[in-house]
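Below: one structure, written as structure tokens.
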Protein chains: 2
Amino acid sequence: MTQANTRATRGRGSPTEEHYVEAIGALEELATPVGTAAIAQSLGLSMPSVSEMLARLSNNGLVSYAPYSGASLTDKGKRLFASLVRRHRLWEVFLNRCLGFGWEEVYPPACELEHATSDAVIEKMAEFLGHPGTCPHGAPIPSADGKWPEKRSRGLSEMQDGHTARIVRVLREDDADCLQFLADRGIVPGASIRVLDIAEFDGTVTLGVEGATRAIGRDVASRLRVGPDQAPA
Amino acid sequence: MTQANTRATRGRGSPTEEHYVEAIGALEELATPVGTAAIAQSLGLSMPSVSEMLARLSNNGLVSYAPYSGASLTDKGKRLFASLVRRHRLWEVFLNRCLGFGWEEVYPPACELEHATSDAVIEKMAEFLGHPGTCPHGAPIPSADGKWPEKRSRGLSEMQDGHTARIVRVLREDDADCLQFLADRGIVPGASIRVLDIAEFDGTVTLGVEGATRAIGRDVASRLRVGPDQAPA
DNA sequence: TGAGACTATTAGGCAAGCCTAACATTCTTG
DNA sequence: CAAGAATGTTAGGCTTGCCTAATAGTCTCA
């Protein structure tokens with residue numbers, strides 16, 4: 001026992017605040033500033049809850065926010081965001097590589113664990129895992145000082161028919177069903193693919209994956225990021 | 001994101017309730033039923049807070065409790081307690097063995113992690129660690145179905161001068177200073193010791209540990225549990 | 001037995017986080 | 001530009017978990 005107040009010990013915000021920062025950080029990659037509605041939907045909360053918390057995060061200096069103008073992470077918020085993503089993805093690597101969870105299963109437990117993990121623990125963990133650069137879904141892991149690796153991937157839609165590439169990342173790592181669907185078809189980071197056809201009508205993509213022919217819908221295809229066919233030097 | 005309500009997902013009580021159950025379970029080993037004051041002191045909370053929570057835990061069926069009569073865990077409470085101890089001590093093993101934390105450092109991070117760990121994760125972890133029987137302090141790890149290994153250790157005070165034994169466990173694994181003190185002197189689980197003297201006056205114990213002579217006070221000595229000198233078959 | 005010392009509980013309050021209902025602002029579009 | 005749609009905030013209320021101050025049992029010992 002002897003724990004009294006966990007909040008004081010962690011030196012970061014509450015787990016709840018961390019959830020908001022994660023949501024805002026993720027949404028900022030799509031559009032900035034981030035609206036209240038988007039955050040509410042992403043967290044499954046009501047808009048008033050979000051409004052209230054934005055005011056608080058703004059007081060804490062994590063978010064820059066003015067009523068009716070949306071929110072965006074401050075530098076401090078961005079640092080926290082990077083640290084949360086780092087913790088989350090390192091846990092995913094551990095769960096996948098050491099404990100044998102499938103890539104479609106690692107997201108929820110990593111969500112729980114990340115808020116219970118101190119810097120000391122996560123840095124030892126990073127060392128234990130050999131400082132991996134990406135999570136099992138190919139998403140980059142920020143460094144301990146909050147730097148993001150440069151991203152050199154592109155979308156499937158930028159590829160020409162007949163060209164080959166290597167899957168480097170699959171987006172929406174929280175969508176277990178989609179990840180299962182892709183894994184069943186061998187479409188995972190590291191796999192070599194050849195684009196056989198991209199239907200003009202509805203965007204359905206036909207791929208060659210390890211000798212087999214696979215068709216995937218436009219929405220799923222848009223979640224795939226590819227890089228050059230050979231492994232980088 | 002997409003987490004909404006963590007409480008619902010876990011199927012156990014809130015982390016706070018788990019703290020109480022842990023405290024009560026630990027105190028029950030000393031005396032039962034457990035008084036409000038003891039719980040309050042152990043958790044660093046006020047007695048009214050404890051009173052209130054005892055009423056709630058009683059409603060949840062985790063604790064049997066009547067005003068002014070102290071609390072004791074129900075069977076359901078005991079099961080939860082065993083599961084919490086299991087989670088806590090498996091994390092301690094992992095932190096110590098895989099991440100390289102000293103045995104005096106593992107208690108606090110394990111406290112945080114245990115409440116963020118599902119059954120699925122902890123059972124994979126147990127397998128990954130090879131189903132260890134004790135934590136780094138020698139404390140037993142209950143099985144997944146809540147069974148405690150039989151304990152066959154005894155206290156130092158039951159030993160005669162000149163007899164040898166093996167340290168099997170050190171109590172009060174939350175007392176980092178004491179653990180550091182003992183580790184510095186080679187007094188850790190597995191170490192062979194010989195009792196050279198137990199002072200009648202103040203209970204100071206003089207030990208031979210790996211060729212060196214070490215003196216420890218009565219209070220520290222009372223935290224040591226020993227077993228037969230040879231490792232059990 | 002009855003005074004004082006403990007031990008517990010009740011009363012009343014506060015912050016964090018969440019909600020619904022009501023109101024306000026901004027955007028879109030005829 | 002005005003009306004309705006969409007978005008956002010305010011008001012007010014709830015639970016969890018904690019607190020202090022006041023009250024109430026319980027135990028000990030002269």
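Labels below follow one simple rule: chain letters A, B, ... track the order of the sequence lines, proteins then strands, and each chain is numbered from 1. Computation of the quantities below employed the complete heavy-atom set of this structure, encompassing side-chain atoms and omitting hydrogens, waters and symmetry-equivalent molecules.
The environment of CD in Glu127(A) is sparse: at most 12 heavy-atom neighbours from other residues, nucleotides or ligands sit within 6.0 Å.
Screening residues 82-94 of chain A for salt bridge (Lys or Arg N to Asp or Glu O under 4.0 Å), with sequence neighbours left out, gives Glu18(A)-Arg87(A), Arg86(A)-Glu123(A), Arg87(A)-Asp119(A), Arg89(A)-Glu173(A). Residue pairs meeting the side-chain hydrogen bond (donor to acceptor under 3.5 Å, both in side chains) criterion with at least one partner in residues 23-41 of chain B, sequence neighbours excluded, do not occur; the list is empty.
Taking atom CE of Met53(A) as the reference point, atom C1' of dA15(C) lies 12 Å away to the nearest angstrom. Per the geometry, CD1 belonging to Ile39(B) stands 20 Å off P belonging to dC6(C), to the nearest Å. Look at NE2 on His19(A): it is 15 Å from C1' on dA16(C), rounded to the nearest Å. For the pair Asn59(A) CG and dA16(C) P, the interatomic distance rounds to 10 Å; values are reported in whole Å. Leu57(A) has its CG atom 12 Å from the C1' atom of dA16(C), to the nearest Å. Here dC18(C) presents its C1' atom at 15 Å from CD of Glu17(A), a figure rounded to the nearest Å. If you take CD of Gln41(B) and P of dC6(C), they are 14 Å apart, rounded to a whole angstrom.
For Tyr20(A), no side-chain nitrogen or oxygen approaches OP1 or OP2 of dA16(C) to under 4.0 Å. Here Ser46(A) does not reach the OP1 or OP2 of dC18(C): none of its side-chain N or O atoms lies under 4.0 Å away.
Pairing each heavy atom of Leu27(A) with each of Ser42(A), the nearest pair is CD1-CB, 4.2 Å.
Between Tyr107(B) and His88(B), the gap from one ring centroid to the other is short of 6.0 Å. Centroid-to-centroid, the aromatic rings of Tyr20(B) and Phe81(B) stay 6.0 Å apart or farther.
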Counting primed atoms, P, OP1 and OP2 as sugar-phosphate and everything else as base, the B/S/- map of nucleotides 1-13 of chain D against protein heavy atoms under 4.0 Å is -------BBB---

